[in-house]
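For reference, the structure discussed in these notes is given below.
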Amino acid sequence: MSESSESAEYEVPDHVGNPLVHLVRRYARPYGARYLVAIVGTALAQIPQRVPALVVGVALDAILLSSTPYSLPLVPDGWIPTTTEGQVTFTIGLLAGAFALDGALTWLSGRVAGTARLRTLHDIRVDTFDALVGREMDFFDRHQTGDVMSVLNNDVSNLDGFGNNAVQGLRFVTQIAVAFAFMALLHVRLAALLLVLPVGLGLLGRWYTTRVEPVYEDVRESVGRINARLEDSIDGIATVKSFAREDRERAAVASASREYRDRNWSVVRLRLLFNYSSWSVSSYSFVGLFAIGAYINLEGAPPFLGHSLTAGTLLTFLLYSKSFYGPIRQLMLDVLDSYENALASSKRIVAVLETDRQANETGDDLRVTGGRIEYDRVDFGYESSDEQQLSDVSFTAEPGSLVGIVGPTGAGKSTITKLLFRFYEADAGRVTVDGQDVTDVSPRSLREHLGYVSQDPFLFYGTIRENIGYGVREGDQREPSERASGDSGAASDDASDADVEHAAKLAGAHDFVTDLDDGYDTQVGERGESLSGGQRQRIAIARALLREPEILVLDEATSHVDNETERQIQESIDALAGERTTLAIAHRLSTVRNADTIVVVDDGRVVEQGSHEELVERDGLYADLWRVQVGDTDAVSETFLQRARAEDRPSERIESAIDGEASR
Ligand SMILES: Nc1ncnc2c1ncn2[C@@H]1O[C@H](COP(=O)(O)OP(=O)(O)OP(=O)(O)O)[C@@H](O)[C@H]1O
């Protein structure tokens with residue numbers, strides 16, 4: 001995958017504007033009431049939080065220094081006791097009451113904000129997954145799994161981090177506002193003088209964010225790359241080990257990790273610089289405030305600062321300044337930092353959410369009457385490839401017939417079947433099922449009628465029963481009540497045990513499954529590694545048969561099985577073929593020898609078609625392929641041999657044909 005295609009893929013559409021705001025609007029709105037309670041609760045909690053510093057200052061002046069009468073802003077003097085004991089009790093009551101109220105409001109808003117945040121993220125994660133699986137196959141051709149996974153994991157987690165910090169940020173903003181209001185009540189001019197500092201810190205913060213934003217985007221990109229790298233190495237672990245290339249993988253992971261480290265280091269350096277400068281501003285301003293306050297207290301205020309300052313008020317100012325500068329710095333550092341990080345992540349999430357996805361539901365429902373498949377002058381080229389993979393492909397599979405598709409490696413056989421599933425759409429020509437163009441029907445209804453077994457079948461982590469049951473059509477799923485009282489405790493969520501076993505028998509899987517200790521409840525590894533290739537293939541065939549598709553596509557479904565199993569599967573397929581149209585891609589020509597029609601594909605074109613006998617008689621490419629497979633290498637044509645010589649790695653049999661030709 002090229003760098004440019006990767007970044008282009010995560011581009012935010014123009015109409016979106018700020019992607020983070022877009023996500024908040026779309027996903028936080030349903031929980032608006034909760035967020036409102038959280039915001040109001042957090043804001044209100046700041047009032048009792050600021051009370052202790054104010055009360056302590058007043059009590060210091062009035063009770064301990066006896067320098068001024070006990071008087072609190074906004075509290076009528078009539079409420080304040082006149083005796084010293086009464087004032088001490090009043091002070092204790094105010095402090096305890098303020099802490100209790102603060103605790104209750106903070107707990108309430110934290111709880112409400114927490115549930116709202118988690119629900120919002122859950123919705124984003126599920127929708128992003130939904131959008132990802134709905135993407136065209138092209139998207140998955142261009143992206144590595146690890147990179148795609150990092151959108152779901154890291155990017156959504158970054159939003160979570162920001163959600164957390166946003167609540168903190170709100171707390172900081174109200175904390176600063178309330179501290180200011182209280183300071184203004186005590187000494188408005190000194191409070192105004194202190195405003196210079198948040199403005200300075202704000203400018204510093206702005207500088208920081210403009211610097212750090214592009215670096216965060218780089219970091220996000222390298223997270224995607226490192227995930228893709230790790231996924232690749234672990235996924236291909238058997239290949240890594242069999243080639244003893246652990247060192248190469250280590251080097252590749254180390255290189256991706258180094259890139260991540262270096263880019264992250266740029267963030268750390270910027271953070272440190274900002275942290276240190278903002279810390280200096282706030283710390284030295286604390287010293288400055290003490291100096292100014294002490295001067296006013298001792299010498300009296302200069303005219304521009306208005307009235308003087310008591311020791312208690314200076315103490316209150318110093319305590320507030322701590323709850324004032326600290327949050328400003330943290331607001332700039334943590335909140336803006338996580339904002340920048342979340343902004344970079346939200347770009348990728350929104351790009352996934354907002355770009356066109358294949359609409360599974362739109363289009364007519366496919367109505368299968370017999371299962372006649374027709375390819376009519378189909379041209380096709382993959383988006384990521386400069387070449388055309390199929391040219392003028394035409395053939396017909398009559399209802400209930402078995403059509404074999406054969407041809408050299410890379411000829412375009414699998415590509416032909418992918419167009420039937422509408423994984424990709426033809427550039428020209430039509431693929432129809434019972435006269436309906438596959439591009440006119442909804443992909444979901446199309447695929448409901450198709451069964452597919454790939455060359456390398458994927459088994460999901462779970463039991464054999466679950467893996468076979470996965471094939472059930474959506475409308476045929478058992479009712480939840482049936483599942484709860486399921487015939488066996490480990491029954492598949494999707495299909496009845498009887499259906500699973502029936503499909504397994506048809507696929508020739510039942511015998512080996514019942515020989516396993518846990519039978520149908522045997523767990524298969526993440527990629528079904530605990531089973532042999534042939535066993536996996538038979539489970540995949542059972543899965544495809546379970547949905548009783550009207551059309552079955554077998555992409556070299558018998559490539560991993562031994563002759564005896566192939567014969568068994570062959571019998572099932574032959575038996576089933578009368579009921580359903582089957583397209584079978586085969587390298588082993590014996591598999592499709594009995595097919596009604598064999599379509600021979602070469603370099604993206606249909607070069608021959610007919611029955612086995614007709615094609616052998618015709619003495620073209622199929623006849624040569626057949627001769628090579630049955631070991632009749634002497635009879636292989638000169639054209640075929642010339643072509644095989646030009647290939648990089650002809651098969652052993654073709655080599656022997658070439659050798660035979662040399663000695664002739
Ligand atoms: N997703 C893709 N993107 C780009 N090119 C592709 C893609 N899939 C296949 N191709 C190319 O299309 C051509 C046909 O591939 P296809 O898999 O259809 O061949 P095949 O006949 O099924 O081969 P084989 O017998 O080896 O499975 C090949 O040149 C292949 O490299």
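It should be emphasised that the depicted structure is a prediction, and the values quoted were computed from it without experimental measurement. When a ligand or atom number is given, it counts from 1 through the structure's own listing order.
Atom 25 (O) of ligand 1 has as its closest protein heavy atom Lys413 NZ, 2.7 Å. Distance from atom 17 (O) of ligand 1 to its nearest protein heavy atom, with residue and atom name: Ser414 CB, 3.7 Å. Distance from atom 1 (N) of ligand 1 to its nearest protein heavy atom, with residue and atom name: Asp141 OD2, 3.0 Å. Atom 15 (O) of ligand 1 has as its closest protein heavy atom Thr415 OG1, 3.6 Å. For atom 5 (N) of ligand 1, the closest non-hydrogen atom of the protein is Tyr382 CD1, 3.2 Å. The shortest contact between atom 26 (O) of ligand 1 and any protein heavy atom is with Thr409 CG2, 3.2 Å. Nearest protein neighbour of atom 27 (O) of ligand 1, counting heavy atoms only, is Gln455 NE2, 2.9 Å.
The distance criterion of under 3.5 Å between nitrogen or oxygen atoms is met by His587 with respect to ligand 1. For the pair Lys418 and ligand 1, the shortest N or O to N or O distance does not fall below 3.5 Å.
Using a 4.0 Å cutoff on heavy atoms, Gly407 does not count as a contact of ligand 1.
Phe380 and Tyr424 have tilted rings, their planes meeting at an angle from 30° to 60° on a 0 to 90° scale.
Nearest to atom 29 (O) of ligand 1 by heavy atom, out of Gly381, Pro408, Ser385, Gly410, is Gly410.
Taking 4.0 Å as the cut-off between side-chain N and carboxylate O, Asp434 and Arg367 do not count as a salt-bridged pair. Note on Asp440 versus Arg422: no salt bridge recorded, every NZ/NE/NH1/NH2 to OD/OE distance being 4.0 Å or above. Under 4.0 Å is where a charged nitrogen must lie from a carboxylate oxygen, and between Arg372 and Glu398 at least one such pair does.
Counting only N and O atoms by type, the side chains of Thr415 and Tyr382 include a donor and acceptor under 3.5 Å apart.
Between Ser414 and Ile585 the shortest side-chain heavy-atom distance falls below 4.5 Å. Proximity of Val433 to Leu450: side-chain heavy atoms (C-beta onward) are nowhere separated by under 4.5 Å. You'll find the side chain of Asp619 reaches within 4.5 Å of the side chain of Arg627, heavy atoms only. A heavy-atom distance below 4.5 Å is not found between the side chains of Glu617 and Tyr622.
Annotation for ligand 1: atoms under 4.0 Å from non-hydrogen atoms of Gln389 are 11 (C), 12 (O), 13 (C).
For atom 31 (O) of ligand 1, the nearest protein heavy atom lies 4.0 Å away or farther. Distances from atom 9 (C) of ligand 1 to the protein include at least one heavy-atom value under 4.0 Å.
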